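Here the structure is a predicted model, which is why all the values come from computation and not from measurement.
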Amino acid sequence: MMFKTHNSLITLKTLLQSKSQLEPQSSKLYDFFQSRSIVKVRLKWVKNRSLDHIIDTETDLKAACLLKDAIKRSPTGFLTAKSVSEWQKLLGLTVPVLRFMRRYPTLFNEFPHAQYTNLPCFRLTDTALLLDSQEQTIHQTYESDTVERLCRVLMMMKSRTVPLQSLHPLKWDLGLPVNFEKVLIPKYPDHFQFAKAPNGTRSLRLVQWHEEFAVSALQRSNETSEKGKEYRQFKSGYTALTFPMSFPKGYGGQKKVRAWMEEFHKLPYISPYDDSKRIDPDSELMEKRVVGVLHELLSLTIHKKTKRNYVRSLREELILPHKFTRLFTRYPGIFYLSLKCKTTTVALREGYRRGKLANPHPLARLREKFYHVMRTGLLYRDKGVKMIPQEILLNDVEDETGQEESEEEEVEIGDDCYEETSEMGEDSDED
């Protein structure tokens with residue numbers, strides 16, 4: 001049964017009164033508003049310098065952590081400059097790897113090779129080893145949280161399966177141990193199993209559905225917040241959940257944008273864990289479902305952001321449209337699209353407050369400490385290790401990457417920007 005709107009919206013209450021004629025409650029949302037006519041408005045892409053700065057600094061942070069893990073895995077306990085010379089693109093760096101490692105003497109101790117004295121080598125400093133030890137402790141302490149997060153990712157996939165080649169780039173963002181395939185997956189045979197896709201690709205499959213995990217971040221936040229009454233009404237079918245909105249500068253006074261978002265929020269909220277087969281792929285309802293999927297995926301990441309190409313590798317399994325990037329600029333109150341560091345990164349606006357993570361995961365706090373050590377080494381070079389107080393290594397530090405959220409620059413774009421922005425690397429292999 002398909003409902004369409006003409007001059008006015010059919011209210012949810014009216015639909016609820018006729019729900020006895022519909023299919024069971026679990027599928028009733030899929031029959032609502034399959035066709036909508038929402039006025040498209042001219043948008044502005046607003047450059048947020050604060051979030052761009054975070055993405056910029058965390059690019060170096062991630063590269064340093066990946067190098068730390070590579071040195072730790074090396075059988076010799078060190079890496080040569082020659083062995084890492086080709087890793088620049090892999091690490092997402094804009095400078096040669098050798099120059100990058102020399103920037104941070106508080107993490108990487110340089111010494112000459114025993115046989116080839118002109119060949120620089122790098123091992124981890126005692127400070128880096130201490131931070132790595134703290135990271136392993138966090139992974140062990142919050143292992144159940146990591147397992148749940150990975151289950152949620154798999155539960156959003158239409159086949160409950162993810163190719164390992166698509167999951168590996170997301171390890172950092174999802175907070176997975178670097179060797180999760182060996183140390184985590186075998187411990188939970190009732191949750192995960194390795195499988196082969198029809199094309200022979202090695203994949204990770206969810207063994208069984210976990211109903212207790214099938215509650216989205218948006219649902220959980222509404223259930224526990226002051227909007228508890230609104231959430232109870234949603235559960236009863238009388239209202240739809242609304243996404244938190246944080247409009248960038250330049251949007252607040254645009255009545256058309258506000259009206260458009262109000263119309264969007266009136267559409268029923270489709271959980272990313274619900275079956276979407278009955279939704280018209282060209283409907284506004286499907287668009288809201290896709291926004292919900294992207295919102296949930298970003299909510300599952302440690303830093304509430306990830307690279308666009310990492311999401312693209314999961315596009316078919318998440319049932320996303322081919323040019324899904326345009327949704328990030330179409331809903332700027334929910335997402336922020338950044339073009340820093342020669343790549344495209346998407347962030348969840350609600351995950352940040354005044355340029356900092358709103359609710360940082362313990363692993364994110366450790367990474368803040370890691371960055372503090374990096375920055376100290378960059379500022380003081382050889383004296384860097386002596387400039388790091390012991391209490392900094394043993395306790396949390398204030399995030400120094402935060403800036404005022406108001407540092408924004410308006411760039412006006414039209415509807416054609418959806419095409420242009422989404423095509424900036426949509427078919428490239430930049431990541």
For this session: Taking R202 for its side chain and K196 for its backbone only, find out whether a donor-acceptor pair lies under 3.5 Å.
Result: no
Problem set entry | Under 3.5 Å donor-acceptor, S166 side chain and V162 backbone | no
For this session: Indicate the atoms forming the closest heavy-atom contact of Q219 with S271, along with that distance.
Result: OE1-OG, 4.1 Å
Exercise. Looking only at heavy atoms, which two atoms of L366 and Q134 are closest? And how far apart?
Worked result: CD1-OE1, 3.4 Å
Exercise. Has the side chain of R152 got a donor or acceptor atom that lies under 3.5 Å from a matching backbone atom of V215?
Worked result: yes
Problem set entry | Atom of C151, atom of L206 and distance for their closest heavy-atom approach | SG-CD1, 4.0 Å
For this session: Say whether, by atom type as modelled, one donor and one acceptor occur between the side chain of R123 and the main chain of G77 under 3.5 angstrom.
Result: no
For this session: Measure the acute angle between the ring planes of Y331 and W260, then classify it against the limits of 30° and 60° as parallel, tilted or perpendicular.
Result: tilted
For this session: Indicate yes or no for a side-chain donor-acceptor contact from K288 to the backbone of L267 under 3.5 Å, with no hydrogens or angles considered.
Result: yes
Exercise. Is a side-chain donor-acceptor pair under 3.5 Å present for Y336 with D52?
Worked result: yes
Exercise. Would S216 and Y269 count as having a side-chain donor-acceptor pair, cut-off 3.5 Å?
Worked result: yes
Exercise. Given side chains that start at C-beta, do those of K342 and T59 come closer than 4.5 Å, heavy atoms only?
Worked result: no
Exercise. Residues two or more places apart in sequence or in another chain: which of them pass salt bridge (charged side-chain N to carboxylate O under 4.0 Å, His left out) with R205?
Worked result: none
Exercise. Is a side-chain donor or acceptor of N179 paired with a backbone partner of K182 at a separation under 3.5 angstrom?
Worked result: no
Enumerate, atom names and distances included, each donor-acceptor pair closer than 3.5 Å involving a side-chain atom of residues 66-75, sequence neighbours excluded.
unit_1	atom_1	unit_2	atom_2	d
K68	NZ	D132	OD1	2.9
K68	NZ	E135	OE1	2.6
K72	NZ	D132	OD2	2.8
S74	OG	T76	N	3.4
S74	OG	T76	OG1	3.0
S74	OG	F78	O	3.0

Exercise. At their closest point, which heavy atom of H139 faces which heavy atom of L363, and how far apart are they?
Worked result: CE1-CD2, 4.0 Å
Exercise. Can a donor-acceptor pair be found between the side chains of H168 and E181 at a distance below 3.5 Å?
Worked result: yes
Exercise. From I279 CD1 over to D274 CG, what is the distance, rounded to the nearest 0.5 angstrom?
Worked result: 8.5 Å
For this session: Look at the aromatic rings of F122 and F108 and report parallel, tilted or perpendicular, splitting at 30° and 60°.
Result: perpendicular
Exercise. Ignoring hydrogens and geometry, is there a side-chain-to-backbone donor-acceptor pair from S133 to L129 under 3.5 Å?
Worked result: no
Exercise. Nearest 0.5 Å, what's the CZ-CG distance between R375 and D60?
Worked result: 13.0 Å
Problem set entry | 4.5 Å side-chain heavy-atom contact, L150 and H191 | no
Exercise. Would you call the rings of H113 and Y116 parallel, tilted or perpendicular, where under 30° means parallel and over 60° means perpendicular?
Worked result: tilted
Exercise. Would you say the side chain of N222 lies within less than 4.5 Å of the side chain of L218, judging by non-hydrogen atoms?
Worked result: yes
For this session: Please check if the side chain of K305 supplies one atom and the backbone of V346 the other of a donor-acceptor pair under 3.5 Å.
Result: no
For this session: Might you point out which heavy atoms bring V373 and T106 nearest each other, and give the distance in Å?
Result: O-OG1, 2.8 Å
For this session: Measure from the side-chain N and O atoms of K171 to the backbone N and O of V178, and report whether any donor-acceptor pair falls under 3.5 Å.
Result: yes
For this session: Say whether N109 and T125, considering side chains only, have a donor N or O and an acceptor N or O under 3.5 Å apart.
Result: no
Seminar exercise, completed: When every non-hydrogen atom of L298 is compared with those of A347, the smallest separation belongs to CD1-C, 4.2 Å
Exercise. Between T161 and E317, is any side-chain donor less than 3.5 angstrom from a side-chain acceptor?
Worked result: no
Exercise. Does A217 offer a backbone N or O that forms a donor-acceptor pair with the side chain of E296 under 3.5 Å?
Worked result: yes
Exercise. Checking side chain to side chain donor-acceptor pair (under 3.5 Å) for the pair E350/H295: CA distance, chi angles, key distance, verdict?
Worked result: CA-CA 10 Å; E350 68 185 83; H295 179 279; 2.6 Å; yes
Problem set entry | Inter-residue atom distance H361.NE2 - T146.OG1, 0.5 Å rounding | 6.0 Å
